[in-house]
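This is a predicted model, so every value here is computed, not measured. Naming convention: chains lettered A, B, ... in sequence-line order (proteins, then strands); numbering from 1 in each chain.
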Amino acid sequence: MTNTEFQSRLLNWYDQNKRSMPWRDCGDPYKIWLSEIMLQQTRVDQATPYFERFVDHYPSVNALAEADQQDVLKVWEGLGYYSRARNLHAAAQLVVDDFDGRVPDSWDDITKLKGVGPYTASAVLSIAFQKKYAVVDGNVIRVLSRYHGIDEDVRSTKTKNGIQEHADELISEERPGDFNQALMELGATICTPSNPDCGSCPLQDGCVAYKTARTEELPYKSKKKKRPHHQIGVGIVRNQKDQVLIALRPDDAMLGGLWEFPGGKQESGETFPDTVKRELHEELDITVSIIKPFMKLDHAYSHFKITLHAYLCELEEGKPEPRTSQEIRWIAIDELTEYPFPKANRRLTEKLMNLNKGQQELEI
DNA sequence: AATCCGGGGGC
DNA sequence: GCCCCAGGATT
């Protein structure tokens, strides 16, 4: 199949089958940029409601640049990879300060923005500005490795560079943005990781994997390491004013800029109450007594898993001082909704708020 | 080149 | 359970 045939079949398929998305065909570089950041390692269906809410809060680069980081993280809460939100916020301020509030339309300028790497630069430049940069994301890797019958490990840089060269050669001159979106759309809806719908694929004729019945084997990926599983003890410290103690994670840490109940990893030989007491002493310089178990939950992060054991605590001695955290605060339980929390901690705040509403069992 | 960074959905 | 997802930053 010639490149021209590849393009026309793909683009015709796209014109008839593309899904509707709030940022698609809007022509607004800010919304296209925002969508590409939200879609990093995130499915369209998961990102869409966040996109709508984010645009409601921050309809323009200027609005985003003027916002407080805490508010931006609150709108982002639940979407994960929170450095994306912090980087996007900082990048919006750079766009206002250095680029007159306009999203840069050149490679050298747009890659100056935090959180904009080769994929996002290519996506924004092609979709918003019709420039000929081919994207390579997980979808493109899957589609082209099958189409060309590439069986090297797609996790390796060399293989990805080879796929980038294929994409660079295939991309349409006239409709580069649509070509990129079409290839990704095909990967997301037809050329799926398992059970691809080859009968509906416009590229079936030229596809090596289809012709050799290797669609289930390609793309080849080396195995990932198993994720370690940690046991975490967490303290929900209450005072006489029915307030709880929360801590702000530093910007450069995992979940940076989000709040949490203080705690940490269980060490060998420790009971969970021991862990909570030790961690709170180390992190906040306080001594607490354990009142009772509050909640146990499992949660999976990208590279490890945790079981979180939370205990209701009472302050025995000392005034809490932030040591490992950026800031600490005593807040009422009904204020917990106002702060950005990561998912595992959000499950704790939800139980606290439900019990508080029912006036149950929170009395010490 | 390898590792770190969330959360959700599909199978 | 594991895998994947419109990846980027850091080491």
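- Between A:Thr157 and B:dA1 there is a side-chain N or O to OP1 or OP2 distance below 4.0 Å.
- Taking each heavy atom of A:Asn17 and A:Glu185 in turn, the nearest pair found is O-OE2, 4.3 Å.
- At B:dG7, one or more side-chain N or O atoms of A:His299 fall inside 4.0 Å of OP1 or OP2 (strictly under the cut-off).
- The two residues A:Leu218 and A:Gly149 have their closest heavy-atom pair at CD1-CA, 3.9 Å.
- Taking 4.0 angstrom as the limit, A:His303 places none of its side-chain polar atoms (N or O) nearer than this to OP1 or OP2 of B:dC4.
- When the P atom is compared between C:dA6 and B:dC4, the two are found 24 Å apart, to the nearest whole Å.
- In this structure, the ring of A:Phe6 has its center less than 6.0 angstrom from the ring center of A:Tyr147.
- Regarding A:His230, its NE2 atom lies at a distance of 13 Å from the C1' atom of B:dC4, rounded to whole Å.
- Separation of the P atoms belonging to B:dG9 and C:dG8 is 24 Å when rounded to the nearest angstrom.
- One interatomic measurement links the two molecules: OH of A:Tyr301 to P of B:dG7, which rounds to 6 Å at whole-angstrom precision.
- With sequence neighbours excluded, no residue satisfies salt bridge (Lys or Arg N to Asp or Glu O under 4.0 Å) with A:Glu279.
- Looking at DNA chain B, the stems built from 3 or more consecutive Watson-Crick or G-U wobble pairs, each pair with its key distances under 3.5 Å, are B:1-5 with C:7-11, B:7-11 with C:1-5.
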What string of B, S and - do you get for nucleotides 2-11 of chain C, 5' to 3', if B is base contact, S is sugar-phosphate-only contact and - is no contact with any protein heavy atom under 4.0 Å? SSBBBBSS--
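- Listed by residue number, the members of residues 250-261 of chain A with any heavy atom below 4.0 angstrom from DNA chain B are A:Met254, A:Leu255.
- Rounded to whole Å, the P atom of B:dT3 lies 16 Å from the corresponding atom of C:dC3.
- Counting only N and O atoms by type, the side chains of A:Gln70 and A:Trp259 include a donor and acceptor under 3.5 Å apart.
- Within the structure, the ring-ring contact (aromatic ring centres under 6.0 Å, His included) test picks out no pair touching residues 169-200 of chain A (sequence neighbours left out).
- Counting to the nearest Å, the P atom of B:dC4 and the CZ atom of A:Arg84 are 19 Å from each other.
- A heavy atom lying under 4.0 Å from DNA chain B marks none of the residues of residues 158-176 of chain A.
- Annotation: cation-pi pair A:Lys292/A:Tyr311 absent, no NZ/CZ under 6.0 Å from the ring centroid and within 45° of its normal.
- The pair A:Glu260-A:Arg249 counts as a salt bridge, with a side-chain nitrogen and a carboxylate oxygen less than 4.0 angstrom apart.
- Look at A:Asp151 and A:Arg214 and you find a salt bridge, because one of the NZ, NE, NH1 or NH2 atoms lies within 4.0 Å of a carboxylate O, short of that distance.
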